[in-house]
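Presented below is the structure to which this report refers.
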Amino acid sequence: MNHKGMLLVICAPSGAGKSTLIRMLCREFSGFGFSVSYTTRQPRAKEVHGKDYFFVHKDQFQELAKKKFFAEWAEVHGNFYGTPARQITDSLQQGQSLIMDVDIQGAMQIRKNLGQGVYIFIFPPSLEELRQRLMQRGSDPAGVMEKRLQNAAWEMQQSGFCDYWLVNDEINTSYARLKAIVLAEKLRPYLSPDLARKIVSGERYDS
Ligand code: ADP
Ligand code: 5GP
């Protein structure tokens, strides 16, 4: 195996467009797996259990958290969300890159516990545009939407620890920037630990 897996942690206030950008990225970069989280929130209309999330009851989530099943977990907008630890360790050990969609608390925990990864924070162009996108998505009752908007300001204020800030204004421009980040990060030496040694010792190295 020439390459190690990259951990891409994407963080954004709800409605900023991260699911849209992640979908575009996974379509183009087939080598990325997506980390499927557990949540206690109700599924939205088109969400599929095991693909978008594992939807579980609060008791089950708490039982799993107690057993240290999650690499990180957090309460977000009144529901619990957690990333199974096995998904991260299995993917990275197998040299597979992984995209994680977590809230800011989860991203901070992963960075602290794992000490690796590329952390991208996606901003909406404005709070007004964020409100419009949440309304356009139409998947949240009014009270839930207000809660998401209130959290958004706090999340944006915590984003200083991320490696990249990306404003999702025009979708194709934003995607081009996200892709540029991924292409550059793929060239980091830690992802190809044998590269220099192999070439120096006369072997061919195919990227
Ligand atoms: P998140 O996963 O961050 O909660 P989504 O990807 O579900 O957000 O996007 C929220 C809504 O905004 C969706 O209806 C989506 O189609 C729309 N959207 C995403 N990016 C843009 C953009 N750059 N311009 C306009 N609308 C967008
Ligand atoms: P949504 O309910 O819109 O799918 O997600 C709400 C928030 O929870 C988003 O900010 C999303 O990134 C976050 N989230 C999704 N999965 C996880 C997870 O496994 N851990 C944490 N900490 N946050 C998550």
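Whatever order the structure lists them in is the order used to number ligands and atoms, beginning at 1.
Interface atoms of ligand 1 facing Asp169, defined by a heavy-atom separation under 4.0 Å, are 22 (C), 23 (N), 24 (N). Interface of Ser14 with ligand 1, defined as ligand atoms under 4.0 Å from a residue heavy atom, comprises 4 (O). Short contacts between ligand 1 and Ile171, defined as distances under 4.0 Å to a heavy atom of the residue, involve ligand atoms 20 (N), 23 (N).
When heavy-atom distances to ligand 2 are checked against 4.0 Å, the residues falling inside are Ala12, Ser14, Lys18, Ser37, Arg41, Arg44, Tyr53, Glu72, Ala74, Val76, His77, Tyr81, Gly82, Thr83, Asp101, Val102, Asp103, Gly106, Arg148, ordered by chain and number.
With a 4.0 Å heavy-atom cut-off, ligand 1 is reached by no atom of Ala12. With a 4.0 Å heavy-atom cut-off, ligand 1 is reached by no atom of Leu21.
Checking Glu28 against Tyr175 by side-chain atom types alone, a donor-acceptor pair falls below 3.5 Å. Remark: the Glu128 side chain and the Gln132 side chain contain an N/O donor-acceptor pair separated by less than 3.5 Å.
In this structure, Tyr164 and Glu185 have side chains that are in contact, with non-hydrogen atoms separated by less than 4.5 Å. A heavy-atom distance below 4.5 Å is not found between the side chains of Ser97 and Leu8. Inter-residue side-chain proximity for Asn79 and Thr40 is flagged as met; some heavy-atom pair is nearer than 4.5 Å.
Connection of Met6 to Leu166 is established within a shared hydrophobic cluster, with ILVMFWY side chains joined at heavy-atom distances below 4.5 Å, either directly or through further cluster members.
Under the 30°/60° scheme for interplanar angles, the aromatic rings of Tyr38 and Phe69 are found to stand perpendicular. The aromatic rings of His49 and Phe55 are tilted relative to each other, their planes meeting at an angle between 30° and 60°.
With hydrogens left out, the protein atom closest to atom 8 (O) of ligand 1 is Gly17 N, 3.2 Å, a heavy atom. Closest protein heavy atom to atom 20 (N) of ligand 1: Asn168 ND2, 3.1 Å. Protein heavy atom in closest approach to atom 17 (C) of ligand 1: Gln136 NE2, 4.1 Å. With respect to atom 2 (O) of ligand 1, the closest heavy atom belonging to the protein is Ser19 OG, 2.4 Å. Looking from atom 7 (O) of ligand 1 to the surrounding protein, the closest heavy atom is Arg137 NH1, 3.1 Å. Summary of contacts: the protein heavy atom closest to atom 1 (P) of ligand 1 is Gly15 N, 3.5 Å. Closest protein heavy atom to atom 6 (O) of ligand 1: Thr20 OG1, 2.6 Å.
For Glu72 (side chain) and Ala107 (main-chain N/O), no donor-acceptor pair under 3.5 Å exists by modelled atom type. A side-chain donor-acceptor contact under 3.5 Å links Trp165 to the backbone of Ser159. Ser91 places no side-chain N or O within 3.5 Å of a backbone atom of Ile88 that could act as its donor or acceptor partner. Between the side chain of Arg133 and the backbone N or O of Ala16 there is at least one donor-acceptor pair closer than 3.5 Å. Looking at Gln87, its side chain does come within 3.5 Å of a backbone N or O of Val36 through a donor-acceptor pair. A side-chain donor-acceptor contact under 3.5 Å links Tyr119 to the backbone of Arg111.
Distances from ligand 1 to the non-hydrogen atoms of Ala16 include at least one value under 4.0 Å.
In terms of polar-atom proximity, defined here as any N/O pair under 3.5 Å, Glu129 makes no such contact with ligand 1. Considering backbone and side-chain atoms together, Glu170 places no N or O closer than 3.5 Å to any N or O of ligand 1. An N or O contact shorter than 3.5 Å is missing between Arg23 and ligand 1 by distance.
Comparing heavy-atom distances from atom 24 (N) of ligand 1 across Met24, Arg44, Arg133 singles out Arg133 as nearest.
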